[in-house]
Amino acid sequence: MNDLTQPGMPRTAVDPMLPLTLAGVGFAHRGQHLLHDIDLRLGAGRTLIMGPNGAGKSLLMRLCHGLLTPTSGTIRWNGRVPNPPLALRQAMVFQRPVLLKRSALANLTYVLAIRGCPRRQRKARAQAALERFGLAQLAQRPAPVLSGGEQQRLALARAWLLAPDVLFLDEPTSALDPAAIRAVEEAVDHFHHSGTKIVMTTHDLNQARRLADDVVFLNAGRLLEHSPAERFFAAPESSEAAAFVRGELPW
Amino acid sequence: MQRRHLLSTFALGIALSAPLAADDERYITLASTTSTEQSGLFADIVPQFRETTGIDVRVVAVGTGQAFEIARRGDADSLLVHDTQGEEQFVADGYASERLDVMYNDFVLIGPSDDPAGIADADDALDAFSRIAASGSPFTSRGDDSGTHRAEQRFWEEAGVDTTGGWYRELGSGMGPTLNTAAGMDAYVFADRATWLAFDNRQDLAILFEGDEALFNQYGSLLLDRERHPHLKHDLAEQWHQWLVSDEGQAAIAGYAIDGEQLFFPNAGHH
Amino acid sequence: MPIADNAFATALTLIVTLDPTLLNIVRLSLQVSLSAVLIAALIGLPLGASLALWAFPGRGAVVVVLNAFMGLPPVVAGLMVYLMLSRAGPLGELGLLFTPTAMVIAQVVLVLPIVAALSRQHIEALLGEYREQLASFGLGRARMMPTLLWDARVALTTVVLAGFGRASAEVGAVLIVGGNIDGVTRVMTTAIALETNRGNLALALGLGLVLLLLVACVNAAAHLLGERARRQMG
C-alpha cells in the first residue's frame, strides 16, 4: 500500500517503478485497430505525448495507467507485470476533471479515506493540500460549482494527496484560460520537483516546449518518434513530426 | 457523516416497526360479511364481548364467498355469515363442527323514488323482481358471490328471469359500492336493510318493496373444525360463538339501532 | 357541491380536533409505509447499484422483470402475498396474515421494483461519469458502490419518495393482506375505501384530503432538500 504519511514524497527511491516499458502494445476495439505495435521505454522526468487528433495519445495513457488492457503486447513497470499495488502508486488527472458531488474539502478527504488514512488526520492534510494549490478559500464550496481552472487544480490537489510515483495528465489545460493554464503548469512542477514521474498529453506546442524533458510523438495509432525535447523540437526525425512542430498538422 | 446518517435512518425504521410486533393480547380473527361490518354492528357489540371475556374480535369483512375461503384456508378463527345453504354445506364438508342461528335482518328492494317499474304495490317479492325485469329499468347487482348476491340470484331464478339483458348491471362490488352505483344511475338494487340504514349517500333512492318473508336474511355463526386447523384459537372462538347466542349476546344484538331503528333481530335457538 | 364542502369541513374538524381514531389510522399508515419503504430501500438501492455495476448473464432479463414489476397492480401483489402468508400457503406457519407486518411485506413487494429499477438507471448514469476516475483511484466495483450511492443521493431520495408515494397511496394490497381490521390494520386508504362503501362520502373525502396533505408534506420536504442540494452542487 501507498505510504501516505508524507504527502508528495513518492517511494521511487526505495522501490523504483521506472522504467515503464511497452513492447509490441496494440489495442483494438470492435475490430478497429487504434494502436499498433508500440515499443516504448520511459524513464524519470516529464514525458509529453504529442500528436494530431485521433493519434491515440489518451488511449496510450489509459493503457499505461491500467484503465484499459492492451489487446496485444506487454507493459512492464521496472520489469514487473502491472498489479493493484503498483496501480495505487499512480494517479491520473483527466481533461474534464471528474470531481465528486461534494465540497472541495470532501473531495480530498475522500481519497484519504479510501487509501486508509486515519480519520483524524484527513482534514488537516486535505487543508494543507488545498493551500498548496491555492484553493484554501474554496474548501467548503461544492466541487461542481467551481470554475474550470479551480476544478482542475482541485483534481491536482487530490492527486497530490495520493503521492503518486507516476502522474498521468490527459490534456489537463485544454479547456482553460491562460492564468489557469499557468497554475496547472506550476502544479505539475510541484509534482516534478517532488520526484513524481509526469506523463502528459497536450495540444499546446508552447506548453510542451516549456515542460517536456522528452517527447513521444504518435500519428494514426503508431509511434513515430521518442526523443529528448530539444532534439524533437529542433530536428524531428519523421516528416509528420516536422510538420506537427511547424504547426501544419491538424489537431 | 454518511455512516451516522445511515444509522439514524435504520434506528428510525426500528422505532417505527417495533409497535407492529408487540401483539400478545388475546384476540380472535373473525371472517364476516361486509354488510355486517358496514352496518356498524361489530363496532357496537364487540366491546361488550371484550368487556365480559377480555377477548378482542378482529373483523375481516369480505364477501360471503371470500369469507368461506378465508375460513377454509385456516386464516380466520371464526366465521359469521348469511348464506344458510352454504353454511350447512360448509359443516357437511367438515370445515366447521357446528352452525348456530344468531340473528336475522331482511333484504329490501331499493330503487328510484318515482319507481318506474311500479314494484311498490307488487304482490310479493317474486312479483317485484318480475316487474323490474319486465320494465327494463336498470338493476345493479353486486355480482360478488356474497350472501346478498346469492339470495338475489335465487329470486331471479325462481321468477324465471333471464338476467343477460343490458338492464342488468353486474358490478362485482360490495354492498356499499353497489348502492353508490345504484344512486348514481337511478337503478334498482337488492340490499340488506342494515347496510341500507347505515348508508349515507342515498340521493334519490328509497325502499320500494319490503316485508315479504321470502326476504328473510338469516345469519349463522360457525364453529370451525379443530382437527382441520389445529393452530386456530378454537377455545377463544368458541367463547365468541357461545356468547353470540347467549342472553347477553342476543340482547347486545337487539340493542343495536341506528336512528332508533333496530337493524338485527336475534333469533338464536330457532331451527 | 355539498359533499365537497362537507368534506373540507369534515377534514378540517378531524385534523384540528386531532381525532384519536384518525391519528391512530395516520400513525399506522405511516408505520406501515415507512417501514416498507425503508426495507425496500435497504434492499433496492444496493440491488439497483449492483445491476448497474456488474454485468452478468441474465442481467437484461432481471432489468426487464424489475421494470415490469414497477407496474404490478397492487391487488395482484396483495394476492401473491396473501397466498404466501395464508395458513395453507408456504409461510402460513408464521401467522402473519391480517397483521401490519403482512401489509409491510405486500408494500415491499410493490416498492422494491421501483427503487431497484430507478436507482439502477441513476447509478448507471453516474457510473458513466465516475468510472474512470474511481478505477484510477484503484477502487473495485464493490468499493465504488458506496460512493455512487452517496453521490446520487438527491436522485435516489426522489426514487425512494416515489416508492413512498406508491406505498402510501395503494389500497388493493393492504386490503387483501391486512383485512382492514378496525384499530389493527386499518390504514388511510382502506379507511377511505370503507367510508366510500358506507356511502359516507364526506368522511371518505375528508380522509383523502388528510392523506393528500401528508403525501404533499413529505414531497415538499424532499423537494426542498433536493433544491438545496442542487443549489449547492450546481
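Proteins get letters first, then strands, A, B, ... in listed order; numbering begins at 1 in each. These numbers come from the heavy atoms of this one structure, side chains and all, not from hydrogens, waters or symmetry mates.
- Using a 4.5 Å cut-off between heavy atoms, A:Phe168 does not touch chain C at all.
- Put simply, the side chain of A:Val216 does not reach to within 4.5 Å of the side chain of A:Leu48, judged on heavy atoms.
- Heavy-atom distances place no part of A:Leu68 under 4.5 Å from chain C, backbone and side chain included.
- With rounding to the nearest 0.5 Å, the separation of NE2 in A:His192 from CD1 in A:Ile198 is 8.0 Å.
- For residues 159-168 of chain C, an interface with chain A (any heavy-atom pair closer than 4.5 Å) does not exist.
- Contact of A:Ile114 with chain C is made through backbone and side chain together, with heavy-atom distances under 4.5 Å.
- With a 4.5 Å cut-off on non-hydrogen atoms, A:Arg158 touches chain C through its side chain but not through its backbone.
- Heavy-atom neighbours of chain A within the stretch residues 123-144 of chain C, taken at a separation under 4.5 angstrom, comprise C:Leu126, C:Glu129, C:Tyr130, C:Glu132, C:Gln133, C:Leu134, C:Ala135, C:Ser136, C:Phe137, C:Gly138, C:Leu139, C:Arg143.
- For the pair A:Arg102 and C:Asp151, the salt-bridge criterion is met [side-chain N within less than 4.0 Å of a carboxylate O].
- C:Ser33 places a side-chain N or O within 3.5 Å of a backbone atom of C:Ser29 that can act as its donor or acceptor partner.
- A salt bridge links A:Arg80 with A:Asp15: at least one charged nitrogen is closer than 4.0 Å to a carboxylate oxygen.
- Although no hydrogens or angles enter the test, the distance criterion places no donor-acceptor pair under 3.5 Å between the side chain of A:Arg153 and the main chain of A:Leu135.
- Ring planes of A:Phe133 and A:Phe191: tilted class, angle from 30 to 60°.
- Within 6.0 Å of CZ in A:Phe94 there are more than 12 heavy atoms belonging to other residues, nucleotides or ligands.
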